Amino acid sequence: MNDEPSEHARLRAMLAVARAHREHERYHSLLKLEHAVSLRRDANTLKVLADRWLEAGTGPGSGGAGRAGPCGGRLPGPQ
């Protein structure tokens, strides 16, 4: 009896490896894409917030009430 795998069995094994590799690559590609989408969403949120601060004149550096923050304009720690 021949212990070597048949040509058909070797081809099926190579196909299974190729399929697994393709799925692995697809997973990692989508992971990077989802991370990029998340970063873009966060960046857009920050842009909208900055625009609102500029319109209201209360953002950091505007000299308005928003500048005081939770410490009343003072830096925390020993003075």
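Note: hydrogens, waters and symmetry copies are ignored here, and every other heavy atom, side chains too, is used. Fair warning: this is a prediction, and the values are worked out from it, not measured in the lab.
Applying the salt bridge (charged side-chain N to carboxylate O under 4.0 Å, His left out) rule to Glu23 yields the partners Arg26; only residues at least two apart in sequence or on another chain are considered. With sequence neighbours excluded, no residue satisfies salt bridge (charged side-chain N to carboxylate O under 4.0 Å, His left out) with Arg22. For Glu55, the salt bridge (charged side-chain N to carboxylate O under 4.0 Å, His left out) test picks out no residue, with sequence neighbours left out. Here His28 pairs with His24, Leu31 under the side chain to side chain contact (heavy atoms under 4.5 Å, CB included) rule; sequence neighbours left out.
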task: Show your working on side-chain contact (heavy atoms from CB on, under 4.5 Å) between Met14 and Leu11 and close with a plain yes or no.
output: CA-CA 5 Å; Met14 289 184 351; Leu11 286 175; 3.9 Å; yes

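Judged by distance alone, the side chain of Ser38 and the main-chain N or O of Glu34 form no donor-acceptor pair under 3.5 Å.
Hydrophobic clustering, defined by side-chain heavy atoms of Ile, Leu, Val, Met, Phe, Trp and Tyr closer than 4.5 Å, leaves Leu15 isolated from every other such residue.
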N/O donor to acceptor pairs below 3.5 angstrom from side-chain atoms of residues 41-52, sequence neighbours left out:
from	atom 1	to	atom 2	distance (Å)
Thr45	OG1	Arg41	O	3.0

